[in-house]
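Lettering follows sequence order; numbering is per chain, from 1. Computed over heavy atoms, backbone and side chain alike; hydrogens, waters and symmetry mates excluded. Keep in mind it's a predicted model, so treat the numbers as computed, not measured.
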Number of protein chains: 2
Amino acid sequence: MSREEAIAKILKVFRQYGYEGTTLSRLSKATGLGKASLYHYFPNGKEEMAQAVLDFVDDWMKANIFVPLKSDSTPRDRLQQMSENVDRLYCSGEQTCILAVLSLGEAKDLFHSQIQQALKSWIDTLAEVLVEADIEPTLARQRSEDAIIQIQGSLVLARGMNDTTPFQRVLKQLPEMLLGNW
Amino acid sequence: MSREEAIAKILKVFRQYGYEGTTLSRLSKATGLGKASLYHYFPNGKEEMAQAVLDFVDDWMKANIFVPLKSDSTPRDRLQQMSENVDRLYCSGEQTCILAVLSLGEAKDLFHSQIQQALKSWIDTLAEVLVEADIEPTLARQRSEDAIIQIQGSLVLARGMNDTTPFQRVLKQLPEMLLGNW
DNA sequence: GTCTATACACCGATAGAC
DNA sequence: GTCTATCGGTGTATAGAC
C-alpha cells in the first residue's frame, strides 16, 4: 500500500473519532497495517499521521476548491464548481470536516495555525470571486464568511440529526446566496 | 461541593476535549475531587458524567431557550430573548456546543438519540414562533433550521479562527434574519 | 464523602526477527 | 516493509481506610 492510500484511510478515522479518539489500534484496523508498520510510514506516530492528513486535505482543497475559484470562467460557474467539490469533500454531508474536528482538545494546540490558515484562505479566495462579481469588498467578505459558516453548521446539524438534507440544501443554495440573488 | 457544581465543571472539560479526550485525571483536576470521589457522585463513571452533562444542558435549554420562546411577548422579543441566552450558553462564542462535540466518535452511539431530540425540539419551537409571526410553515421551518446552522457554523469558525466575531455577528442578526427583515 | 492504593486493559511507541 | 513481542505510561474503575 502506498503512503497516499494509507493517508486516505487514516483520514477517515480521524474524521470519525477526532484526535484523541483515534487510536493506533483503530488506525491499524482501518489500514490493514500493523502498528509497527504505521511507524514505518510515519516515524513520529500519531501526531505525524494527523499532520499528514491535514497536509493531504490542504492539497486537496487547493486543487479542487481554490484553483477552480481562481479559474477564468464566470463567477457563477466558479462558485458552482466549488459547491460540487465541497459536496465531494464532505461525501454529501456524511463526513465531518477535519478542520473542525482537529480544532478540539489537544489537537487544537498542535494544529491551530494551519487550520486557521486554511479557513482564512478559503474565505479570502471566495471573497475575491465576489469582488469580481461587483460586490462591495466588505459585503463580499461577510458573505464568504457566511458560506463557510453555513457549510460547517450544516455538517454539524446533519451529523446531529443523522440526516444530510440540511447540508445538501445549503450547498444547493450556496452560489445564489453568495451572489445575492434570492 | 454539590453535584450540580461538579456537573458545571465537568461540562467545561467535555466541551473542550470531547468525549474521548476527557479523562478522569482531567475531570479530577477540574473538579478538585479525587477519581474515587467522582465515582461517588457518578457510579457509572465517565459515561454517566457525560449523560449528566447532557441532561444538565437539556434542562438549561428548556428553561432559558424553549420557555422564553413560548412566552406571551411579541415574536421579536422572544427571538431577542433567545439570542441573549444563546450568547450566554456559548459564552459569547468561546465555548463549543456540547451537542456538536458529543456527536463524534464513541459518544455518537451513546447519546445520538438525545442529541437528535434536543436539536429537533429547538428547531420545532423556533418554527412555531415564526408561524405565529405569520410566516409560512415551510419557510418557518427552513429559517429555523438555518438559525441552528448559523449558530453551529459560527461556533466552528470562531474556534478555528480563534475569533468570536463571526459568532457575535450571527447572533446579532439572528432575530431579523428569522423574521425575514433584511 | 474523600482519600490512597491498586487492578487490569489499552494507550503510544520501540526492538528486532524475517 | 511487515510482523510479533514488549516497553513504560496512562486509561477507567474499584477496594477499603478514614
Using a heavy-atom cut-off of 4.0 Å to chain A, what are the terminal contacting nucleotides of DNA chain C, in 5' to 3' order? C:dC11 to C:dA15
Residues clustered with B:Val156, ILVMFWY side-chain links under 4.5 angstrom: A:Val156
Measure from NZ on A:Lys35 to P on D:dC7 and round the result to the nearest Å. 14 Å
Residues that [X] engages under salt bridge (Lys or Arg N to Asp or Glu O under 4.0 Å), provided they are two or more places apart:
X: B:Arg15; answer: none
X: A:Glu176; answer: A:Arg76
X: B:Lys120; answer: B:Asp124
X: B:Lys62; answer: B:Asp58

For DNA chain C, the residues among residues 17-26 of chain A that have a non-hydrogen atom under 4.0 Å from it: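 Hits under 4.0 Å, by residue number: A:Thr22, A:Thr23, A:Leu24, A:Ser25.
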In residues 42-53 of chain B, what residues come within less than 4.0 Å of DNA chain C, judged by heavy atoms? none
Return the set of residues passing side chain to side chain donor-acceptor pair (under 3.5 Å) with A:Ser113 (not counting sequence neighbours), or none when no residue passes.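 By the side chain to side chain donor-acceptor pair (under 3.5 Å) rule, A:Ser113 matches no residue at all.
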Please list, chain by chain and in numerical order, all residues satisfying side chain to side chain donor-acceptor pair (under 3.5 Å) with B:Glu132, sequence neighbours excluded.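 Once residues adjacent in sequence are excluded, the partners of B:Glu132 under the side chain to side chain donor-acceptor pair (under 3.5 Å) criterion are B:Arg78.
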Using 30° and 60° as the class limits, which term best fits the ring planes of A:Phe167 and A:Tyr90: parallel, tilted or perpendicular?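 Because their plane-to-plane angle is over 60°, the rings of A:Phe167 and A:Tyr90 count as perpendicular.
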If the plane angle is over 60° it's perpendicular, under 30° parallel, otherwise tilted; pick one for B:Phe111 and B:Tyr19. perpendicular
State, to the nearest 10°, the angle formed by the axis through the first five base pairs of the helix from C:dG1-D:dC18 to C:dC18-D:dG1 and the axis through its last five.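 It comes to 0° between the two terminal axes.
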Name of the residue among A:Ile149, A:Leu130, A:Ile135 meeting side-chain contact (heavy atoms from CB on, under 4.5 Å) with A:Ser144: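 Only one option passes, and that is A:Leu130.
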Any salt bridge between A:Arg26 and B:Glu106, counting N to O under 4.0 Å? yes
Which pairs pass salt bridge (charged side-chain N to carboxylate O under 4.0 Å, His left out) with one or both residues in residues 40-57 of chain B, sequence neighbours excluded? none
